[in-house]
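Values in this document were obtained by computation on a predicted structure and should not be read as measured data. Starting from 1, each residue takes its place in the sequence as its number.
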Amino acid sequence: MKTKPIPAMVMLTAGFAFCVIAIVNDYSFSFLIRTLFWVLIGFYVLGYVIKIVLDRNMNKLDNDITADDLGFADGEILEDMDMELVEEDKE
């Protein structure tokens, strides 16, 4: 799973939501700019933490997968949804 764009997506979503709230509540421009800056930084950090958590969990899942999980075991291949056992030719 590609997790590189997660911090930017979280940050931009929060920034958009804040801009909509600021426009509806008629905030002054200087307050909007200063607050938007801190909102973007805060949510970028939050998105980066989410990215780190996802990366650690994905690496743990990738390391736990074995050949048996994929259907390969000692030259035998499980095919189709019927899970029929097919012997490979051993020469």
Spatial distance of atom CG (Leu32) from atom CZ (Phe18) [nearest 0.5 Å]: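 Taking CG in Leu32 and CZ in Phe18, the distance rounds to 5.0 Å.
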Only distances under 3.5 Å count here; give the side-chain donor-acceptor pairs of residues 44-54 to other protein atoms, sequence neighbours excluded, each with its distance to 0.1 Å.
| unit_1 | atom_1 | unit_2 | atom_2 | d |
| --- | --- | --- | --- | --- |
| Lys51 | NZ | Asp55 | OD2 | 2.9 |

Side chain to side chain contact (heavy atoms under 4.5 Å, CB included) partners of Asn25, counting only residues at least two apart: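 So Asn25 forms a side chain to side chain contact (heavy atoms under 4.5 Å, CB included) with Ile21, Tyr27.
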Just distance, no hydrogens or angles: give the donor-acceptor pairs under 3.5 Å from side chains in residues 7-17, sequence neighbours left out.
| unit_1 | atom_1 | unit_2 | atom_2 | d |
| --- | --- | --- | --- | --- |
| Thr13 | OG1 | Met9 | O | 2.7 |

hydrophobic_cluster_shared for Phe31 and Val20, side chain cutoff 4.5 Å: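 Hydrophobic grouping puts Val20 apart from Phe31.
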Shared-cluster residues of Ile41, by chain and number - hydrophobic side chains joined below 4.5 Å: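 Taking Ile, Leu, Val, Met, Phe, Trp and Tyr as members, Ile41 shares its hydrophobic cluster with Phe37, Trp38.
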